[in-house]
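Read through the structure below, which is laid out as structure tokens, and then see the notes.
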Amino acid sequence: MATFWIYDYACSLHQEWTFLLLSRWSKVKGLYIIARYVPFLLLAGHLYMNFIPNENSDKCQLLNNICSCFSMISVSCSECFFVLRTCALWNNNRIVLVSVVVTFLAVVISSVGFAFGTTATAPWTTSAIPGITGCYQSSAVVQLFIPFLLLIGLEFGLMSLSLIRAIQSWRSTNSHIYAVLVKHNIFYYACGLFFSGVNVLTLLLFHYGYQAMFQDFQFIVLAILATRMHLHLWHTDRRAHSSSALVFIPLSDISSAGSPT
């Protein structure tokens with residue numbers, strides 16, 4: 001996973017630094033930086049846990065809690081991008097905005113409670129292979145699948161809102177940026193639903209080693225998708241401005257982040 005993340009970073013390095021240097025500072029730009037670089041801290045934390053010479057269970061639990069915090073921050077920031085985009089598609093309709101934000105906060109708070117409440121009871125063991133150190137859990141609490149069920153519900157609701165809005169306005173809106181926005185939303189939600197479903201199945205059916213692998217993989221992939229799609233949207237909007245193509249789309253903070261000045 002570390003290699004996968006580094007490879008993606010290297011491939012998008014030019015586009016990323018163009019965005020970081022030329023875009024103006026905004027909340028969305030700060031959100032991008034957090035979503036982009038927190039996975040690096042998550043991977044570093046897990047690598048340290050795997051090779052730590054001290055196998056004290058309290059220290060392992062502390063490191064696991066830190067990694068769980070990074071995971072929650074990463075996936076929350078990734079989802080925030082598409083919460084903002086979904087609200088933008090609905091012209092920041094007050095009812096949609098309040099409903100989406102309240103649901104998002106409820107999912108985040110509930111997921112944090114379940115994640116930290118269940119991992120605290122999972123036992124830490126030493127590796128069965130001689131000479132191998134690190135923090136290992138022989139089993140996990142089954143209730144860990146609940147945050148992924150909540151995430152499935154959130155993403156299914158956001159995808160439904162995006163589809164409804166796209167169907168309502170597909171004839172009246174000819175903006176290229178609008179089309180990109182809808183395609184990004186649907187693809188991201190489809191990937192999120194798929195990976196969340198995989199994690200629910202692995203938590204119920206397989207050994208904890210597979211469970212942890214798929215969890216981290218989902219968080220890394222969602223972060224890459226969210227940041228890559230935001231880069232693409234920003235560069236598309238920048239090209240539209242540079243060619244003097246006046247396009248109206250109510251992207252709220254996202255549109256302001258897409259301004260090259």
Side-chain angles (χ1 to χ4, degrees), residues 26-29 31-32 35 72 74-111 145-201 218-219 221-240 245-259:
S26 65
K27 295 177 182 178
V28 174
K29 186 173 182 178
L31 189 66
Y32 175 91
M72 290 295 176
S74 178
V75 72
S76 296
C77 289
S78 299
E79 295 296 320
C80 272
F81 274 109
F82 292 90
V83 168
L84 291 174
R85 289 180 174 211
T86 302
C87 292
L89 288 175
W90 284 88
N91 298 333
N92 290 322
N93 179 279
R94 186 180 298 273
I95 296 176
V96 173
L97 179 63
V98 172
S99 300
V100 169
V101 170
V102 170
T103 303
F104 174 73
L105 291 176
V107 169
V108 170
I109 294 171
S110 300
S111 298
F145 77 91
I146 295 177
F148 291 100
L149 283 180
L150 295 175
L151 187 59
I152 288 174
L154 173 66
E155 291 182 335
F156 182 79
L158 292 174
M159 184 170 69
S160 299
L161 286 173
S162 297
L163 285 172
I164 291 171
R165 189 59 177 173
I167 292 171
Q168 288 178 347
S169 57
W170 71 277
R171 286 184 176 178
S172 59
T173 304
N174 296 319
S175 168
H176 176 62
I177 295 178
Y178 186 92
V180 170
L181 195 65
V182 172
K183 290 177 182 177
H184 282 182
N185 281 21
I186 301 304
F187 184 74
Y188 176 88
Y189 296 141
C191 290
L193 289 170
F194 172 75
F195 286 118
S196 294
V198 169
N199 272 303
V200 169
L201 292 177
Q218 175 175 358
F219 299 145
V221 169
L222 291 184
I224 289 174
L225 286 176
T227 52
R228 275 284 193 138
M229 288 176 177
H230 185 70
L231 275 183
H232 182 253
L233 185 67
W234 184 83
H235 282 281
T236 301
D237 185 53
R238 184 166 177 259
R239 285 193 295 269
L246 300 178
V247 180
F248 173 78
I249 177 171
L251 289 181
S252 185
D253 283 340
I254 293 182
S255 63
S256 63
S259 175

Show, in sequence, the C-alpha distance, side-chain angles and deciding distance for K27 and Y32, and conclude whether the side-chain contact (heavy atoms from CB on, under 4.5 Å) test is met. CA-CA 9 Å; K27 295 177 182 178; Y32 175 91; over 6 Å; no

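- No side-chain heavy atom of V108 sits under 4.5 Å from any side-chain heavy atom of M72.
- Note: L231 CG to T236 OG1 = 10.5 Å, rounded to the nearest 0.5 Å.
- Here the straight-line distance linking atom CD of E155 with atom CZ of F82 works out to 9.5 Å at 0.5 Å rounding.
- Between N185 and S162, the shortest heavy-atom distance links the atoms ND2-OG, 3.3 Å.
- Side-chain atoms of L151 and Q218, non-hydrogen and from C-beta on, do get closer than 4.5 Å to each other.
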Kindly determine whether H230 and V28 satisfy side-chain contact (heavy atoms from CB on, under 4.5 Å), including the steps that lead there.
CA-CA 9 Å; H230 185 70; V28 174; 3.4 Å; yes

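- Across Y188 and L222, no two heavy atoms sit closer than the pair CE1-O, 3.6 Å.
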Next item on the list: Evaluate the side-chain contact (heavy atoms from CB on, under 4.5 Å) criterion for residues L225 and F187: first the C-alpha distance (whole Å), next the side-chain angles of each, then the deciding distance (0.1 Å), finally the verdict.
Entry: CA-CA 9 Å; L225 286 176; F187 184 74; 3.8 Å; yes

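- For the atom pair L150 CG and T103 OG1, the distance stands at 11.0 Å (nearest 0.5 Å).
- Separating the SG atom in C80 from the CG atom in L31 is a distance of 5.5 Å, to the nearest 0.5 Å.
- Residues V101 and L105 have side chains in contact (heavy-atom distance under 4.5 Å, counting atoms from C-beta outward).
- Taken from CG in L89 to CG in L84, the straight-line distance is 11.0 Å, to the nearest 0.5 Å.
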Begin from the C-alpha positions of Y189 and T86 and carry the test side-chain contact (heavy atoms from CB on, under 4.5 Å) through to its verdict.
CA-CA 11 Å; Y189 296 141; T86 302; 2.7 Å; yes

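- When all heavy atoms of A35 and A223 are compared, the pair lying nearest together is O-CB, 3.7 Å.
- Between the side chain of T227 and the backbone N or O of I224 there is at least one donor-acceptor pair closer than 3.5 Å.
- Between the SG atom of C87 and the CZ atom of F104 there is a distance of 11.0 Å, given to the nearest 0.5 Å.
- Across R165 and N91, no two heavy atoms sit closer than the pair NH2-ND2, 3.1 Å.
- When side chains are defined from C-beta on, L161 counts as touching W90, because their heavy atoms get closer than 4.5 Å.
- Pairing each heavy atom of F219 with each of V75, the nearest pair is CD2-CB, 3.9 Å.
- The minimum heavy-atom distance between L193 and I152, with the atom names listed, is CD2-O, 3.4 Å.
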